[in-house]
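Everything on this sheet refers to the single structure shown next.
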Amino acid sequence: MSSITADGQATHAHTSGEFGVGEFISTYVFSRDHKVIGLQFLFSTLLWFLIGGLLAIGIRWQLAWPWSDMPVIGPMLFSAEGGQISPEFYTMLFTMHATVMTFLVIIPILAGAFGNYLIPLMIGADDMAFPTLNMLSYWVMWPAFLFFGGSFFVAGNGASSGWTSYPPLSSVTEAAPGSGLAQTMWLIALTCVGISSMMGSVNYMTTIIQMRAPGMTMMRLPMTIWGMFITALLQAFALPVLTAAGFMQLADRVFGTGFFVPEGLIVNNSEMVAGGGQPLLWQHLFWFYSHPAVYIMILPAMGMVSDILSCFARKPLFGYKPMVYAICGIAGLGFIVWGHHMFVSGMNPGLGMTFMVATMMIALPSAVKTFNWLGTIYGGKISFTTPMLFALSFVLMFVIGGLSGIFMAATPVDIFIHDTYFIVAHFHYVLFGGTAMAVFGAIYFWFPKMFGRMMNEPLGKIHFLLTFLFMNGTFFTMHILGAVGFPRRLADPYHYETFRHLLPMNQFMTICAILMVACQIFFIVNFFYSIFFGPKAGRNPWHANGLEWQAPSPPGHGNFDFQPIVYRGPYEYGSPEVDEDYYPQTQPPNERGDTDEPATMVNH
Amino acid sequence: MGRFWSLLFLSVPILGVITFVWSAMGLYPLERHWFPELVVADSNIDHLFYVILAMTGIVFIGTGLAMFWFLWKYDDKKYDGPVWYSHGSHMLEIIWSVIPAVLILFLAIYQMDAWAGARMRRPMLENGQPKPAMARVIGRQFEWKIQYPGNDKKFDTPDDLYTTNDLHVPRDEEVVLEITSEDVLHSFFLPNFREKQDVVPGMKQFIWFKPVKDGKYDIVCAELCGWGHYKMKGQITVESASDYRAWLEKAYNEQELSEYSLAEAE
């Protein structure tokens with residue numbers, strides 16, 4: 001139980017003496033409060049972000065100094081080989097790096113952490129529509145954490161069929177080390193992630209549709225909420241397909257069915273019993289979810305960036321409605337473009353043309369969004385705060401990632417660049433340069449709301465600068481590797497004459513990657529120091545308009561100490577109607593607002 | 001600091017363009033950091049890549065410069081003018097929707113012929129029948145098995161020639177290959193030929209190309225096929241038609257001899 005003081009800080013009524021173990025558990029562990037669940041997601045995903053980053057360093061080490069002893073970590077992990085990464089281990093590394101980053105970091109940090117934390121606050125609700133379901137959506141992630149984590153410690157040291165888990169390699173247990181128990185655990189974990197996301201998406205949709213504060217029409221929703229809403233729709237409609245496909249693959253492995261195993265397969269010199277299946281079926285089912293998942297991984301980030309840009313440019317978001325339509329357009333098209341992952345898979349080439357045209361069309365709403373972001377900063381008063389820097393870099397990096405997507409949408413060009421580092425460059429620009437940068441920006445932006453304290457700006461800027469430099473050093477060069485045809489997923493690409501001269505470039509990238517991971521120490525220190533010792537933040541330290549900034553920092557149980565009533569959209573910065581350069585959504589028309597007091601005070 | 005950050009963002013388009021131009025020109029230290037030498041007649045893929053590179057490059061430079069200029073000019077420490085209070089412009093939205101739409105439509109149509117040539121218009125014989133495969137490529141963990149049909153031009157007959165990781169093709173001829181897999185997915189990738197096709201168990205597929213330059217080139221496996229994926233290395237040799245026929249004959253005789261020798265030994 002908590003109450004809120006006049007300066008906007010929430011305090012808990014209980015002293016430590018009264019606060020029992022049971023209550024501690026119900027408040028902070030099995031909590032049904034969306035904010036606590038959001039923070040639980042945030043801490044868990046940030047931990048996995050670190051693990052995923054370290055897995056990436058393993059990959060990069062092998063590509064820069066193949067078959068050489070890894071200092072410190074090598075002897076600890078594989079003493080038998082003298083500290084070298086084996087090809088089996090390398091295959092596991094990139095499989096698990098991608099799996100962890102996609103399913104345990106990006107999707108849950110956007111939807112689980114920020115979705116949970118922000119949705120009720122930004123729409124003026126006191127909690128999610130289904131708090132218990134919300135709690136379960138977090139705790140169902142734990143079996144996923146345990147199965148993914150546990151798979152490192154069974155035979156094969158982790159799944160190693162690639163994150164796409166293409167059969168027959170993945171569905172035939174004899175096909176590779178790491179496609180035994182580890183792969184089964186991987187599939188079970190994937191199912192748990194699916195169930196968690198499903199629970200979340202039902203909650204987000206219901207909450208956004210049903211629980212908006214009075215006056216909060218759909219066209220007054222912040223872009224962050226639009227991004228979360230459309231993401232929830234995508235999850236609800238696309239995810240069951242992957243979950244079903246996962247069960248089918250599990251059945252192939254455990255019960256000997258043959259959904260994805262063709263007739264007459266010979267693996268390890270023995271013929272498979274089951275047959276009659278079709279390996280391409282998995283690819284269709286997998287990408288039917290995993291392509292929309294690309295948008296699940298970017299739409300909320302786009303929303304958050306829109307909010308940050310508008311706030312620090314002190315200007316209304318340029319083209320709000322086109323931005324909303326663009327999100328809807330991206331999501332709609334996202335459902336019919338999965339085949340562009342399969343141009344060289346053996347799919348009917350006629351179908352390739354259809355997918356090519358649909359894929360190219362996605363460039364349109366993406367362009368609309370980019371130009372609108374530029375329109376937003378044009379003619380503003382830009383303050384270069386840490387969240388703003390991350391948001392600006394999102395725009396620039398998203399442009400690179402989006403434009404390189406056109407190369408692979410072009411079917412003939414895709415023949416050459418498919419499965420090369422060009423693709424790796426593309427999706428790292430979208431997912432690291434884009435989403436991860438937006439996530440950092442969002443953490444710096446909403447941190448005062450989450451913890452009631454400010455993060456350190458100079459440290460934040462150093463973190464931004466180093467991350468930005470080393471990120472480009474790591475990923476931009478991948479385009480060049482891709483142009484040479486340098487393939488992904490090879491433990492030793494220098495085995496081929498064609499790629500032998502690319503070793504120095506890989507060493508350069510690896511050094512950048514190591515430094516990129518290392519400079520996250522600035523973030524970690526800043527984050528944890530500020531939670532405890534950062535300067536206290538009032539309700540609205542950025543002078544922003546959104547509803548969440550009218551609640552106390554951090555908000556107590558039930559979020560608002562007044563009934564928020566919404567009078568306008570969230571982007572009224574620089575409005576000529578008021579003296580200040582911002583005009584909070586809850587402030588009645590033509591009435592001066594105050595930074596630290598809510599505009600409308602009624603009993604809660 | 002606004003000036004510093006503006007310049008940092010400006011450095012992205014500048015360094016990006018320099019890196020691409022530098023490697024495409026093959027200057028030190030980025031020699032051979034661009035497409036591997038093209039050895040087939042069809043340069044559609046390279047051409048299309050450059051067309052897209054030019055279009056996206058212009059957009060990239062344009063947005064990068066615009067962003068830099070806005071950041072430079074509207075830095076709140078330097079700019080004293082009024083904020084442009086605007087919620088958007090219908091006309092601008094139309095302009096920046098229609099122009100990309102036209103460009104994208106152009107690209108989509110422009111590339112169709114190249115795609116059809118690469119995947120749909122299989123070379124024909126004079127009698128109008130599709131040209132039969134010169135060889136069959138079979139992917140298996142972790143090697144490429146090559147099967148030539150022999151003099152009767154039919155696969156799986158006693159005069160078939162088998163090699164491992166060694167594919168020979170004649171220069172200046174349309175080569176059709178049949179590709180399939182015995183176990184898991186592989187991907188038959190010839191970087192110098194701009195050719196790539198996933199090799200799917202249970203499916204038979206055809207690819208074609210016309211090599212125009214003699215030499216030995218890598219066959220790469222581009223689809224994860226297990227721990228030994230990186231070792232799945234083959235070689236394709238392009239040679240004159242007469243050298244190719246001589247090689248076929250020699251290889252066939254060697255195969256006969258080895259079978260004969262093997263029988264003797266037993």
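Given the structure is predicted, the values throughout are model-derived calculations rather than measurements. Labels below follow one simple rule: chain letters A, B, ... track the order of the sequence lines, proteins then strands, and each chain is numbered from 1.
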| Taking it one step at a time, do B/Trp96 and A/Asn372 satisfy side chain to side chain contact (heavy atoms under 4.5 Å, CB included)? | CA-CA 9 Å; B/Trp96 62 45; A/Asn372 275 313; 3.5 Å; yes

| task | Go through the steps for B/Trp84 and A/Phe318 under the test ring-ring contact (aromatic ring centres under 6.0 Å, His included), then give the verdict. | result | CA-CA 11 Å; B/Trp84 183 47; A/Phe318 196 83; 5.7 Å; yes

| task | Given side chain to side chain contact (heavy atoms under 4.5 Å, CB included), test B/Leu224 with A/Tyr166 step by step and report yes or no. | result | CA-CA 9 Å; B/Leu224 177 63; A/Tyr166 277 0; over 6 Å; no

| query | When you look at A/Val357 and B/Met112, which way does the side chain to side chain contact (heavy atoms under 4.5 Å, CB included) test go after all the steps? | reply | CA-CA 10 Å; A/Val357 177; B/Met112 281 196 177; 4.1 Å; yes

| said: For B/Glu31 and A/His501: C-alpha separation, side-chain torsions, deciding distance, then whether side chain to side chain contact (heavy atoms under 4.5 Å, CB included) applies. | reply: CA-CA 9 Å; B/Glu31 302 104 325; A/His501 60 290; over 6 Å; no

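Outside the 6.0 Å centre-distance limit, the rings of B/Tyr217 and A/Tyr496 are not counted as a close aromatic pair. In summary, the aromatic rings of A/Trp67 and B/Tyr230 are positioned with their centroids under 6.0 Å apart. Ring pair A/Phe416/B/Phe35: centre-to-centre distance below 6.0 Å.
Atoms OG1 and NE2, from A/Thr477 and B/His33 in turn, are 9.5 Å apart once rounded to the nearest 0.5 Å. To the nearest 0.5 Å, the span separating OG on A/Ser161 from CG on B/Leu185 amounts to 11.0 Å. Distance CD/B/Gln197 to CD1/A/Ile415: 8.0 Å, rounded to 0.5 Å. Once rounded to the nearest 0.5 Å, the distance linking CG of B/Leu48 with OG1 of A/Thr411 reads 8.0 Å. In this structure, CG on A/Asn348 lies 12.0 Å from CZ on B/Arg119, to the nearest 0.5 angstrom. Rounded to the nearest 0.5 angstrom, B/Ser23 OG and A/His479 NE2 are separated by 11.5 Å.
A/Met397 touches chain B through its side chain: at least one heavy atom from C-beta onward sits under 4.5 Å away, while N, CA, C and O do not. Neither the backbone nor the side chain of B/Phe206 comes within contact range of chain A; no heavy atoms are under 4.5 Å apart. Both the backbone and the side chain of B/Asp75 come within less than 4.5 Å of a heavy atom of chain A. Interface remark: A/Thr359 contributes no atoms to any contact with chain B (heavy atom separation under 4.5 Å). For chain A, the nearby parts of B/Gln111 are the backbone and the side chain; heavy atoms of each come within less than 4.5 Å. At a 4.5 Å heavy-atom cutoff, B/Ser11 makes no contact with chain A through either its backbone or its side chain. Only the side chain of B/Leu92 comes within contact range of chain A, with at least one heavy atom under 4.5 Å from a heavy atom of that chain. Using a 4.5 Å cut-off between heavy atoms, A/Phe422 contacts chain B through its side chain alone, with no backbone atom that close. Proximity to chain B is limited to the side chain of A/Phe468, based on heavy atoms less than 4.5 angstrom apart. Both the backbone and the side chain of A/Ser393 come within less than 4.5 Å of a heavy atom of chain B. Heavy atoms closer than 4.5 Å to chain A are found nowhere in B/Pro29, neither backbone nor side chain. The contact between B/Ala114 and chain A is made by backbone and side chain atoms together, counting heavy-atom distances below 4.5 Å.
Of the listed residues (A/Pro487, A/Gly375, A/Ala410), the greatest number of heavy-atom pairs within a distance under 4.5 Å of chain B belongs to A/Ala410.
A/Lys381 places no side-chain N or O within donor-acceptor distance of the main-chain N or O of B/Tyr74, the cut-off being under 3.5 Å. The closest donor-acceptor contact from the side chain of B/Lys233 to the backbone of A/His495 lies under 3.5 Å. Using a distance-only test at 3.5 Å, with no hydrogens or angles considered, a donor-acceptor pair links the side chain of B/Trp115 to the main chain of A/Pro349. A donor-acceptor pair under 3.5 Å is absent between the side-chain atoms of B/His229 and the main chain of A/Leu490, judged by distance alone.
Residue B/Asp218 comes nearest to A/Glu497 through the heavy atom pair OD2-N, 2.9 Å, listed as atom of the first residue, atom of the second, then distance. Contact detail for A/Phe384 and B/Ser6: the closest heavy-atom pair is CZ-OG, 4.2 Å. Across all non-hydrogen atoms, the minimal contact from B/Pro100 to A/Leu364 is CB-CD2, 3.7 Å. Nearest approach of B/Val200 to A/Ser345, heavy atoms of both residues: CG2-O, 3.2 Å. A/Met361 approaches B/Ile104 most closely through the heavy-atom pair N-CG2, 4.4 Å. In plain terms, the two heavy atoms of A/Pro412 and B/Ile45 that are nearest each other are O-CD1, 3.3 Å.
Considering only heavy atoms from C-beta on, B/Asp198 comes within 4.5 Å of A/Val344 through its side chain. In this structure, the side chains of A/Leu392 and B/Phe9 come closer than 4.5 Å at one or more pairs of heavy atoms. Side-chain contact check for B/His87 versus A/Tyr571: every heavy-atom pair is 4.5 Å or farther apart. Contact of the A/Asp581 side chain with the B/Val83 side chain is not registered, since no non-hydrogen atoms from C-beta on lie closer than 4.5 Å. In this structure the side chain of B/Phe189 never reaches within 4.5 angstrom of the side chain of A/Asp419, judged on heavy atoms. At least one side-chain heavy atom of A/Ile406 sits under 4.5 Å from a side-chain heavy atom of B/Leu107. Using a 4.5 Å heavy-atom threshold, the side chains of A/Pro168 and B/Pro201 count as touching. Residues B/Thr56 and A/Phe407 are in side-chain contact: their nearest non-hydrogen atoms beyond the backbone lie under 4.5 Å apart.
The number of heavy-atom neighbours closer than 6.0 Å to CG of B/Asp156, taken from other residues, nucleotides and ligands shown, is above 12. Counting heavy atoms of neighbouring residues, nucleotides and ligands inside a 6.0 Å radius, atom CE of B/Met25 does not exceed 12 of them.
Applying a 4.5 Å heavy-atom cutoff, the residues of residues 177-184 of chain B that approach chain A are B/Glu182, B/Asp183, B/Val184. Scanning residues 64-71 of chain B against chain A with a 4.5 Å heavy-atom cutoff picks out B/Gly64, B/Ala66, B/Met67, B/Phe70, B/Leu71, ordered by number.
With 3.5 Å as the limit, one finds a donor-acceptor pair spanning the side chains of A/Glu572 and B/Tyr85. Residues A/His418 and B/Glu223 have side chains that never bring a donor and an acceptor to within less than 3.5 angstrom of each other.
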